[in-house]
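Just so it is clear, the values below take in all heavy atoms, side chains as well, and ignore hydrogens, waters and symmetry mates.
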Amino acid sequence: ALSIDMGIPPAVGEMSQGASNFTIPVKPIYGFGARWEALLKRVMTTSTQTRIVVVGGGAGGVELALAMQHRLHTELKATGQPLDRATFTLVTRGKLMPTHAGATRTTFLDICASRGVLIIEEDGVKNVSKASVQLASGREVPADECIWCTQAAPQAWPGDAGLETDGGFIKVSAALESTSHSGVFAAGDIASVVGHPRPKAGVFAVRQGPPLADNLRRYLLGEPLLDFTPQNNFLGLISTGSKHAVASWGSVSFGGASTAGALLWAWKDRIDKKWMEMYKVMPEMKTPVPDIAEVALASGPATIAALRAVPMRCGGCGAKVGASVLSRVMARLTIPTHPSVEVGLDQPDDAAVISVPPGMVAIQTVDFFRSFVDDPYIFGQVAVVHALGDCWAMGAEPHAVLAIAQVPYGIESQVEESLYQMMAGANSVLAEVGCALAGGHSCEGAELALGFAVHGACERSKLMKKGGMKAGQVLILTKPIGTGTLFAADMRAKAQGRWVTAALDSMRKPSGVASELMVAHGATSCTDVTGFGLLGHLVEMCKGSHLAAVLDLDALPVLDGAQECLSLGITSSLQPANVRLSRAVANQEEVSGHPRYPLIYDPQTAGGLLAAVPRDKAEACIEALRKAGYPATCSIGETFAHLPAVATAPEQLVYVQDAKHQFSATGESKELVRPVTLNNCASGACDLPPNPRFT
């Protein structure tokens with residue numbers, strides 16, 4: 001089953017030619033939030049008047065205009081600045097608030113007039129330029145900022161994907177199931193319910209949640225779907241922006257700038273905060289132990305019949321994906337190639353044949369892990385970026401990969417689609433970085449998993465090894481950290497969607513260009529930050545180079561939401577094993593309370609490159625990396641030949657500093673770093689014998 005609730009963008013219309021270039025759309029809301037903060041800063045820090053035009057005369061546009069004005073006037077008044085520093089005009093192609101009672105409309109017209117908000121009705125927007133909004137009547141309204149808050153507009157992709165639509169919105173039955181595709185459901189503003197036309201308003205969308213969840217379960221269990229009839233009317237509590245509200249119910253309207261209006265606003269504020277809190281504090285999701293019959297039934301009747309026909313799943317080669325399924329998948333894929341592949345998928349054989357260009361050495365690496373996201377396409381992208389990371393960390397160019405793919409048991413169509421989506425995602429990255437898919441192996445298993453054996457090549461002189469660091473170099477990291485705690489929180493429904501989205505964007509970013517820039521700027525040592533966490537990989541570099549390092553907690557690039565997830569006590573299941581390397585930290589006691597300290601043990605998936613670059617080239621390297629699409633790149637520390645002065649054991653190779661505990665306060669000791677054995681295990685076999693110098 002597939003459930004779609006993508007929301008909608010505001011309608012622009014054919015006449016509004018400049019809307020995308022010179023307007024601030026209110027949706028998606030996270031984008032609007034950042035633009036609003038920039039607008040607020042602009043008004044408060046400039047001496048010229050800022051003319052703000054809000055386009056859209058529905059309740060949302062009116063509320064937004066009045067709320068922005070109230071906030072700006074409050075800030076201006078608090079700083080002793082004139083209130084006319086910001087002016088507001090609201091433009092609508094029809095009447096103001098046409099879906100509400102006439103009394104509601106009259107109340108808000110009066111409020112806007114008393115607050116100095118100019119209302120222009122029945123005059124749509126024809127064009128938007130940098131300094132003005134041109135209306136259909138020919139009137140030109142001066143505008144330094146244009147906020148777009150019009151009615152809902154459909155997205156193009158549902159129709160392009162073949163779903164039946166109604167005016168561009170996904171057409172669904174009263175059971176919220178697509179009228180053209182069984183098992184596809186849609187709800188909220190993106191859907192149009194046959195027989196129950198309603199305005200695109202959140203109050204209708206949220207009521208669809210329980211029946212949608214019920215029908216999804218019913219579909220998966222093979223039970224009849226139930227129709228849902230939405231309410232005809234709803235109570236609207238519309239804010240005036242000044243801690244008052246107006247109640248609108250059918251033809252009834254009351255409130256406004258009165259005691260009743262203040263009570264209504266307090267009620268609305270309480271409802272809104274309670275609603276938002278539901279998304280901030282999610283209930284603990286414990287892993288259920290379902291009855292086997294329920295698990296089987298959830299696969300659907302077709303799958304049950306197929307699995308009953310083959311009651312036992314074989315191992316060995318009997319677990320391979322069938323030849324017909326594999327052939328259909330390969331026929332749908334666009335296979336990336338590379339000149340070094342002499343025998344590959346274009347002429348299938350028992351093994352791939354790959355040549356190594358003259359003057360180069362071959363680089364071989366392998367990686368494999370199970371999926372941690374529901375989307376196989378995205379998982380395929382992340383998996384291949386992660387696998388190629390070792391090759392890029394060596395300064396090598398990946399030439400070809402062999403895939404190891406596992407898809408969950410199921411009927412042929414499900415196995416085929418899962419395998420196709422996963423490999424299509426991987427191939428999109430391989431094509432981008434110029435690496436061939438030369439072959440592989442596929443099988444069925446308990447869950448989705450993917451790995452790659454990677455073949456690359458590099459000039460020997462350009463190899464970046466972990467043991468190549470030199471004293472006095474700057475440590476540069478190209479991606480933010482925090483994927484471990486974020487996805488551990490996501491499994492518990494504690495991570496916000498925008499945090500997960502940003503993390504996946506970072507994880508899908510290939511590091512090939514970063515590797516080239518590192519080599520170009522003289523990097524002598526590099527590694528990709530993955531499962532052992534930032535500290536674990538840094539310690540490997542220190543051990544291999546016989547050097548110590550300083551790691552700056554305050555300089556670390558961190559993914560949005562990672563610290564919030566840590567504050568909830570949520571860490572990856574691999575974190576405890578990584579924390580055993582804390583004995584490599586010379587000043588653990590004084591920095592362990594820092595909120596970012598646990599992040600240096602956080603296991604990363606498809607993390608960035610950590611490289612040691614000569615000090616005189618570090619700034620230029622960082623600037624080049626940021627311009628190349630790695631905006632989080634920064635210096636996070638440096639290397640030293642001697643142990644930290646506060647070290648009490650030879651394995652304490654890393655000093656972790658923050659604003660209160662600077663390395664410069666104690667500095668280096670006179671003891672050179674010597675080869676040490678520092679294994680990451682919990683047994684006494686990993687303990688080092690006492691050294692006389694430290695006893």
I'd like to know if the side chain of [X] reaches the main chain of [Y], judged simply by a donor and an acceptor atom lying under 3.5 Å from each other, with no hydrogens or angles considered.
{"X": "Thr485", "Y": "Gly482", "result": "no"}
{"X": "Ser173", "Y": "Ala175", "result": "yes"}
{"X": "Glu145", "Y": "Ile52", "result": "no"}
{"X": "Ser567", "Y": "Glu564", "result": "yes"}
{"X": "Arg198", "Y": "Gln231", "result": "yes"}

Identify the heavy atoms of [X] and [Y] that sit nearest to each other, and give their distance.
{"X": "Gly116", "Y": "Gln69", "answer": "C-NE2, 4.4 Å"}
{"X": "Cys634", "Y": "Pro557", "answer": "SG-CD, 3.5 Å"}
{"X": "Lys479", "Y": "Ser506", "answer": "NZ-O, 2.8 Å"}
{"X": "Val128", "Y": "Phe22", "answer": "O-CD1, 3.4 Å"}
{"X": "Ser511", "Y": "Gly607", "answer": "OG-O, 4.4 Å"}
{"X": "Ala1", "Y": "Leu216", "answer": "CB-CD2, 4.1 Å"}

Let me confirm one number: the [atom1]-[atom2] distance from [X] to [Y], rounded to the nearest 0.5 Å.
{"X": "Thr478", "Y": "Ile622", "atom1": "OG1", "atom2": "CD1", "result": "11.0 Å"}
{"X": "Ile170", "Y": "Asp189", "atom1": "CD1", "atom2": "CG", "result": "12.0 Å"}
{"X": "Leu517", "Y": "Arg626", "atom1": "CG", "atom2": "CZ", "result": "13.5 Å"}
{"X": "Leu556", "Y": "Gln563", "atom1": "CG", "atom2": "CD", "result": "9.5 Å"}
{"X": "Leu448", "Y": "Met422", "atom1": "CG", "atom2": "CE", "result": "4.5 Å"}
{"X": "Phe88", "Y": "Cys112", "atom1": "CZ", "atom2": "SG", "result": "11.0 Å"}

Hey, are the side chains of [X] and [Y] touching, using non-hydrogen atoms and a 4.5 Å cut-off?
{"X": "Met44", "Y": "Leu76", "value": "yes"}
{"X": "Phe228", "Y": "Arg207", "value": "yes"}
{"X": "Leu225", "Y": "Tyr219", "value": "yes"}
{"X": "Thr150", "Y": "Val55", "value": "yes"}
{"X": "Gln49", "Y": "Thr87", "value": "yes"}
{"X": "Leu226", "Y": "Pro211", "value": "no"}
{"X": "Thr89", "Y": "Arg51", "value": "no"}
{"X": "Val500", "Y": "Val373", "value": "no"}

Using a distance-only test with no angle check, is there a side-chain donor-acceptor pair under 3.5 angstrom linking Ser137 and Asp123?
->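 Yes - a donor-acceptor pair under 3.5 Å links their side chains.
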Atom [atom1] of [X]: over 12 foreign heavy atoms under 6.0 Å:
{"X": "Arg93", "atom1": "CZ", "result": "no"}
{"X": "Arg115", "atom1": "CZ", "result": "yes"}
{"X": "Asp84", "atom1": "CG", "result": "yes"}
{"X": "Arg217", "atom1": "CZ", "result": "no"}

Do the charged groups of [X] and [Y] touch, with an N to O distance under 4.0 Å?
{"X": "Glu623", "Y": "Lys627", "answer": "yes"}
{"X": "Lys509", "Y": "Asp505", "answer": "no"}
{"X": "Lys41", "Y": "Glu37", "answer": "no"}
{"X": "Arg332", "Y": "Glu417", "answer": "yes"}
{"X": "Glu177", "Y": "Arg218", "answer": "no"}

Side chain to side chain contact (heavy atoms under 4.5 Å, CB included) between Ile111 and Val62, worked out | CA-CA 10 Å; Ile111 290 172; Val62 173; over 6 Å; no
Applying side-chain contact (heavy atoms from CB on, under 4.5 Å), name anything that partners Thr104, two or more places apart in sequence or on another chain.
->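 Per chain and number, Thr104 pairs via side-chain contact (heavy atoms from CB on, under 4.5 Å) with Met97, His100, Ala101, Phe108, Ile238, Val246, Ser248, Ser253.
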Stepwise side chain to side chain contact (heavy atoms under 4.5 Å, CB included) test for Thr50 and Leu72 | CA-CA 11 Å; Thr50 300; Leu72 285 170; over 6 Å; no
Would you please test Asp490 and Phe372 for side chain to side chain contact (heavy atoms under 4.5 Å, CB included) and show each step?
-> CA-CA 10 Å; Asp490 185 46; Phe372 57 96; over 6 Å; no
Given side chain to side chain contact (heavy atoms under 4.5 Å, CB included), test Ile147 with Phe32 step by step and report yes or no.
-> CA-CA 9 Å; Ile147 313 295; Phe32 174 73; 3.9 Å; yes
